[in-house]
Amino acid sequence: MPDERLVGYWSDEDLYQGAMEAADIAFRSDGTGWTYWSRDGGPFNVLRFVWHTGASHTLTLDLHQELSGTWELHDHATQHRVSSQAARDKQIVLAYEITAGQNLYRKPATLLQFDQQISIGTIGNRFTYKRELAQTEYDPTTRSP
């Protein structure tokens, strides 16, 4: 049974002051999701996965695709140019905790913390809840599944 508290869009941008990059993770209620890492100046990376939760607050991510490339702003909209796409076959099992806390600005926030980084150097282990996902929302590189 999936932990419905995970469903939504989580980000680390409200946890680190002055960061030139941000890492996000999204969990859809249908058991799919993605990570999104981007840096000022245009590079990005997406990991698509299937997820489920188990006993003792464990989260399993079955990574199945990785995309990378560059992004640009055009008329206040972000456009992604995928330059690399590869299949992945990796499973990550994480212990997690969801707690009430504060963000960088000392405002109340729901915090998600994993026992390890998802991708060393890009996707860390701490996030704040940002928003709900639209039913039709998928990772930023696509508008459909």
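As a basis for the values below, the full set of heavy atoms in this structure was taken, side chains included, without hydrogen atoms, waters or symmetry mates. On a predicted model such as this, the values are computed, not experimentally measured, just so you know.
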Residues 118-126, side-chain donor-acceptor partners within the protein, below 3.5 Å, at least two apart:
residue	atom	partner	partner atom	Å
S119	OG	T122	OG1	3.1
T122	OG1	S119	O	3.4
N125	ND2	F114	O	3.2

Check which hydrophobic residues are tied to L15 through side-chain heavy-atom contacts below 4.5 Å, counting indirect links as well, and list them.
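Under the 4.5 Å side-chain rule, L15 groups with Y16, L111.
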
So do the side chains of [X] and [Y] get within less than 4.5 Å of each other, counting heavy atoms only?
| X | Y | result |
| --- | --- | --- |
| T128 | D12 | no |
| R48 | T141 | yes |
| T53 | T58 | no |
| D115 | L94 | yes |

Under 6.0 Å between ring centres, would you say that holds for W71 and F44?
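No: the rings miss the under 6.0 Å criterion.
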
Any pair counted as side-chain hydrogen bond (donor to acceptor under 3.5 Å, both in side chains), so long as it reaches residues 18-30, sequence neighbours left out:
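Checked against side-chain hydrogen bond (donor to acceptor under 3.5 Å, both in side chains) - neighbours excluded - the pairs reaching residues 18-30 are Y9-D24, S11-D24, E21-W37, E21-R39, R28-D30, R28-T32, R28-Y138, D30-T32.
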
Distance-only donor-acceptor pairs under 3.5 Å for side chains of residues 80-90, two or more places apart:
residue	atom	partner	partner atom	Å
H80	ND1	P140	O	3.3
H80	NE2	Y36	OH	2.7
S83	OG	S68	O	3.4
R88	NH1	E66	OE1	2.8

Membership question, hydrophobic clusters at under 4.5 Å side-chain separation (ILVMFWY): are L47 and V50 in the same one?
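As far as the 4.5 Å side-chain criterion goes, L47 and V50 are not connected within one cluster.
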
Just to verify, what does W51 make a ring-ring contact (aromatic ring centres under 6.0 Å, His included) with, not counting sequence neighbours?
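For W51, the residues satisfying ring-ring contact (aromatic ring centres under 6.0 Å, His included) (neighbours in sequence not counted) are F27.
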
Residues two or more places apart in sequence or in another chain: which of them pass ring-ring contact (aromatic ring centres under 6.0 Å, His included) with Y96?
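Once residues adjacent in sequence are excluded, the partners of Y96 under the ring-ring contact (aromatic ring centres under 6.0 Å, His included) criterion are H57.
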
Qualifying residues under side chain to side chain contact (heavy atoms under 4.5 Å, CB included), relative to H74, sequence neighbours excluded:
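H74 satisfies side chain to side chain contact (heavy atoms under 4.5 Å, CB included) with E72, Q79 only.
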
Which atom pairs, donor and acceptor, lie under 3.5 Å between side-chain atoms of residues 103-110 and protein residues at least two apart or in another chain?
residue	atom	partner	partner atom	Å
N103	OD1	Y105	N	2.8
N103	OD1	R106	N	3.3
N103	OD1	K107	N	3.1

Can you confirm whether E4 is buried at CD, in the sense that more than 12 heavy atoms of other residues, nucleotides or ligands lie under 6.0 Å from that atom?
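Enclosed: over 12 neighbouring heavy atoms sit under 6.0 Å from CD of E4.
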
Once side chain to side chain donor-acceptor pair (under 3.5 Å) is applied, do any residues pair with E137, and if so which ones, sequence neighbours excluded?
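Applying side chain to side chain donor-acceptor pair (under 3.5 Å) to E137 gives R131.
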
If the condition is side chain to side chain donor-acceptor pair (under 3.5 Å), which residues does E132 pass it with, not counting sequence neighbours?
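In terms of side chain to side chain donor-acceptor pair (under 3.5 Å), with neighbours along the sequence ignored, E132 is linked to no residue.
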
